Amino acid sequence: MAAFKHNYAIICRIPQSFRDRSIGAQGKKMDVDKAKREYEQFKATLKNCDINIIELQEDENYPDCCFVEDCAVTIGGTALIARPVASRQGEVGEIRKVLRDDLGLKVVEIADPKATLEGGDVLFTGKEILVGIGKRTNEGGAQAVVDAFPEYPITPINIADLDILHLKNAINVAGRDILAICGGKEGKSIRSQMEQLAEYRCKLLHLESQVSIDMLYINGRLLHRTREEMGDSNYGCIDEKILYTRHRVSLEELSKAGGRIASMVLLVSKHRSQKKIISNLTEDDIAPFSQFKDLTYASNTLTKK
């Protein structure tokens, strides 16, 4: 099974309670109608990506239920059920049911009662898994990823002192063997740790801001933010470097609540005979990106059992 080939996408509608999320010092409310329009446009974009949509009913008890990514980590035929912040743990039950009962994935639970894990801190590069350890994921959560996916190298990335909530706020997959990474302290720190710890080399697409690296690579297509949100220079870089199909997604309102493109969807690869995901990269695949600097990585530090 090839990396980044998915046939199911789990999403969740936005509840009216999303309006009550306070933004800014003035205590303004979210524009829930605008957020819902952005959600519908996102759903329509996903439908153009050759994928089956599973849409969950919104839950008014959980204003953030539309950010389904944080509830699980799905790679191949395995789903690791996450343990998000306490106020969101009630969202996990429905996700577990869909993954186990409806899609028939192998569901793994976190054994360590002190472990915390959110899906936004787990980045599968196609060859290995990067796990951000910081505000929402601790070492116990990272170890749960190691235990759930023993066939892949796991690289811990310390983001505790960085101004990001999740690892994917600063780095995302932009294509096969391509990672988009933001500028500033966050990108510099993550890159430095990757150079020291990660096992495989890749190409890095350097963009200026966290908004500009907000993207999702799915079934040979790249979803990213609009020119207005990214800025002309970042958008121009994408125009120059990305040669495959692209879809523009606006999350202007949802991003005020910490929403990202990847946070809005949980991608699943379900096949009759689940196998390890294998890389299908060739030199021809990465030739267009030869201008990017190679990174040669060392081994990781988490323990495999």
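None of these values were measured; they are calculated from a predicted model.
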[X] side-chain N/O to [Y] backbone N/O, donor-acceptor pair under 3.5 Å:
| X | Y | answer |
| --- | --- | --- |
| N234 | E208 | yes |
| E229 | V211 | no |
| T116 | N138 | yes |
| E118 | V85 | yes |
| E38 | E252 | yes |

Parallel, tilted or perpendicular: which one describes the rings of Y235 and H224, with boundaries at 30° and 60°?
perpendicular
Looking at [Y] and [X], is any side-chain nitrogen of the basic one under 4.0 Å from a carboxylate oxygen of the acidic one?
| X | Y | value |
| --- | --- | --- |
| R96 | E109 | yes |
| E40 | R37 | no |
| D239 | R227 | yes |
| K135 | D121 | no |

From [X] atom [atom1] to [Y] atom [atom2], the distance as rounded to the nearest 0.5 Å:
| X | Y | atom1 | atom2 | result |
| --- | --- | --- | --- | --- |
| E186 | I159 | CD | CD1 | 10.0 Å |
| I81 | L117 | CD1 | CG | 10.5 Å |
| N169 | I171 | CG | CD1 | 12.0 Å |

Within 6.0 Å of [atom1] in [X], more than 12 heavy atoms from elsewhere:
| X | atom1 | answer |
| --- | --- | --- |
| D101 | CG | yes |
| K106 | NZ | no |
| D163 | CG | no |

Ring centres of F124 and F149 under 6.0 Å apart?
no
Apply side-chain contact (heavy atoms from CB on, under 4.5 Å) to R83 and list each qualifying residue two or more places apart in sequence or on a separate chain.
Q89, I110, A115
All side-chain contact (heavy atoms from CB on, under 4.5 Å) counterparts of Q16, not counting sequence neighbours
R19, V32, K36, E60
T125-E128 side chain donor-acceptor pair, cut-off 3.5 Å
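No, because no side-chain N or O of T125 sits under 3.5 Å from a partner of the opposite role on E128.
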Indicate whether the side chain of D147 and that of Q143 have a donor and an acceptor atom separated by less than 3.5 Å.
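Note: D147 and Q143 side chains meet the donor-acceptor criterion.
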Could you go through the side chain to side chain donor-acceptor pair (under 3.5 Å) check for Q41 and T45 one step at a time?
CA-CA 6 Å; Q41 292 168 357; T45 301; over 6 Å; no
Quick check: do [X] and [Y] have side-chain heavy atoms less than 4.5 Å from each other?
| X | Y | answer |
| --- | --- | --- |
| H206 | I181 | yes |
| F67 | R88 | yes |
| M264 | L216 | no |

Taking a hydrophobic cluster as the set of Ile, Leu, Val, Met, Phe, Trp and Tyr residues connected by side-chain heavy atoms closer than 4.5 Å, whether directly or through intermediates, do V265 and L165 fall within one such cluster?
no
Do V68 and V107 land in one hydrophobic cluster if side-chain heavy atoms of ILVMFWY residues count as linked below 4.5 Å?
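Yes, one cluster joins them.
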If I compare all heavy atoms of G132 with all of T137, which pair ends up nearest, and what's the gap?
O-CB, 3.3 Å
Sole candidate of K168, E69, R225 that passes side chain to side chain contact (heavy atoms under 4.5 Å, CB included) when paired with I261
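Exactly one pass, corresponding to R225.
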